[in-house]
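Structure first, then comments.
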Number of protein chains: 2
Amino acid sequence: MVKRTSFEHDDCPIARSLDALGDWWSMLIIREALFGVRRFGEFQKKLGLAKNILTVRLRALVDQGILKTAPASDGSAYQEYLLTPKGRGVFPILVALRQWSEEFDERPEEIATILVDKEKGRPVRKLELHSQDGRLLGAEDIALKPRPAGKQGKRATA
Amino acid sequence: MVKRTSFEHDDCPIARSLDALGDWWSMLIIREALFGVRRFGEFQKKLGLAKNILTVRLRALVDQGILKTAPASDGSAYQEYLLTPKGRGVFPILVALRQWSEEFDERPEEIATILVDKEKGRPVRKLELHSQDGRLLGAEDIALKPRPAGKQGKRATA
DNA sequence: TCCAATGGTTGCATCATTAAACCAGATTGC
DNA sequence: GCAATCTGGTTTAATGATGCAACCATTGGA
């Protein structure tokens with residue numbers, strides 16, 4: 001990759017996200033972590049990736065504050081990898097990826113699972129983007145504005 | 001990358017999405033396309049990637065039904081790359097990536113633009129996941145169920 | 001103490017990515 | 001209608017990320 005073109009200093013937030021979790025494994029590691037996987041061997045078994053790659057990815061995710069290592073927990077003096085809030089914040093991205101597959105995949109019958117709400121057990125609705133006054137927005141309804149300098153404005157409604 | 005471990009036949013919809021658009025450029029190409037970019041040279045200039053890679057990526061995106069080529073449009077007998085519905089369906093994923101950056105980036109001041117609703121010009125709300133009966137769901141409120149065999153169930157509310 | 005499992009690291013082969021040079025068809029100038 | 005040039009690529013060669021397999025170190029158990 002000659003240098004793999006880091007987007008770390010790109011001013012586009014999408015590029016910046018991709019720089020952090022834009023490879024094929026990081027997202028899947030976070031997905032597993034969201035479902036409770038914590039241990040090296042468990043990630044390795046579930047994802048089937050090479051251990052050296054897993055090592056590198058886990059370290060990168062820790063460096064980026066997406067995972068953190070906890071000294072132990074279940075007795076054994078091994079390490080665990082836990083999601084930080086930043087890591088849990090990836091959840092909507094995973095949902096978006098999932099829903100895109102569900103909607104557009106060529107062979108949806110190969111998709112093994114559906115996302116349901118835990119309380120009722122029924123499929124969830126599609127992710128929705130709303131304006132501040134509550135209107136549902138599509139790709140045509142949005143625009144980009146230069147970030148207002150200085151003032152930070154809103155930072156996380158949730 | 002030895003073979004990049006295709007997830008094409010994985011049964012996880014997230015893996016399947018990543019297989020289609022999980023590299024660093026495809027998402028950005030789609031982002032540009034959503035903002036109206038259509039021509040080879042335009043993509044190349046805006047993204048600054050090597051032309052051979054752009055060629056490969058565009059071809060892959062066309063093969064996957066995310067982009068389609070239109071014979072011309074502005075006179076010149078060149079080609080254009082247009083988003084299909086499947087391509088436009090990537091929009092929520094891009095929004096999710098963007099919002100993740102906005103919320104968790106270490107240096108949010110480097111982010112140049114904000115997403116606003118075109119009508120009012122105000123920042124949009126965060127993406128929301130709802131249950132069918134309208135409750136707002138977080139990562140803790142969801143579960144996975146095996147896909148009900150045979151019956152296809154819902155397919156796109158939007 | 002020895003053996004197995006966990007959690008890695010190391011080395012090597014391979015393939016993807018990259019930059020840069022090259023090339024062909026379309027367009028333009030003359 | 002012929003050369004220059006622009007657009008849209010392809011080819012080539014270097015680099016380095018990825019994957020596999022072998023190896024190592026520590027933990028845990030018999």
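To find a chain, count down the sequence lines: A is the first, B the second, and so on, and within it residues start at 1.
Note: CD1 (B:Ile53) to P (D:dT15) measures 17 Å, nearest angstrom. Protein atom CG of A:Asp23 is 14 Å distant from nucleotide atom C1' of D:dG19, rounded to whole Å. B:Arg59 has its CZ atom 8 Å from the P atom of D:dG9, to the nearest Å. For the pair A:Phe40 CZ and C:dT6 P, the interatomic distance rounds to 12 Å; values are reported in whole Å. Rounded to whole angstrom, the span from the CG atom of A:Leu47 across to the P atom of D:dG19 amounts to 12 Å. Note: CZ (B:Arg57) to P (C:dT17) measures 4 Å, nearest angstrom. Computed from coordinates, the B:Gln44 CD to D:dG9 P distance equals 11 Å when rounded to whole Å. The nearest whole Å value for the distance from the CD atom in A:Glu80 to the P atom in C:dT6 is 14 Å.
Between B:Gln99 and B:Arg125, the closest heavy-atom pair is NE2-O, 2.9 Å. Considering every non-hydrogen atom in both B:Asp133 and B:Arg135, the closest pair reads OD1-NH2, 3.2 Å.
Under the side chain to side chain contact (heavy atoms under 4.5 Å, CB included) criterion, A:Ala50 pairs with A:Asn52, A:Ile53, sequence neighbours left out. B:Ala15 meets the side chain to side chain contact (heavy atoms under 4.5 Å, CB included) test with A:Leu28, B:Phe7, B:Asp10, B:Cys12; sequence neighbours excluded.
Remark: A:Thr55 is in phosphate contact with C:dT9, judged by side-chain N or O atoms under 4.0 Å from OP1 or OP2. Taking only side-chain nitrogens and oxygens, A:Trp25 never comes nearer than 4.0 Å to OP1 or OP2 of D:dT18. Within the 4.0 Å cut-off from OP1 or OP2 of C:dT6, not a single side-chain nitrogen or oxygen of A:Arg39 is found. Using a 4.0 Å cut-off, some side-chain N or O of A:Tyr81 falls inside it from OP1 or OP2 of C:dG8.
For B:Lys51, whose side chain is taken as the heavy atoms from C-beta onward, the closest listed nucleotide among D:dT18, C:dG8, C:dC22 is C:dC22.
As judged by a 4.0 angstrom heavy-atom cut-off over every strand, B:Phe43 is placed among residues making no nucleic acid contact.
Side-chain atoms of B:Asn52 stay outside donor-acceptor range of the base of C:dT17, with no qualifying N/O pair under 3.5 Å.
Residue-to-nucleotide proximity on DNA chain D shows that, of A:Val56 and B:Glu42, the 5′-proximal contact is made by B:Glu42.
Hydrophobic clustering of Ile, Leu, Val, Met, Phe, Trp and Tyr side chains at less than 4.5 Å, counting indirect connections, keeps A:Leu82 apart from A:Met27.
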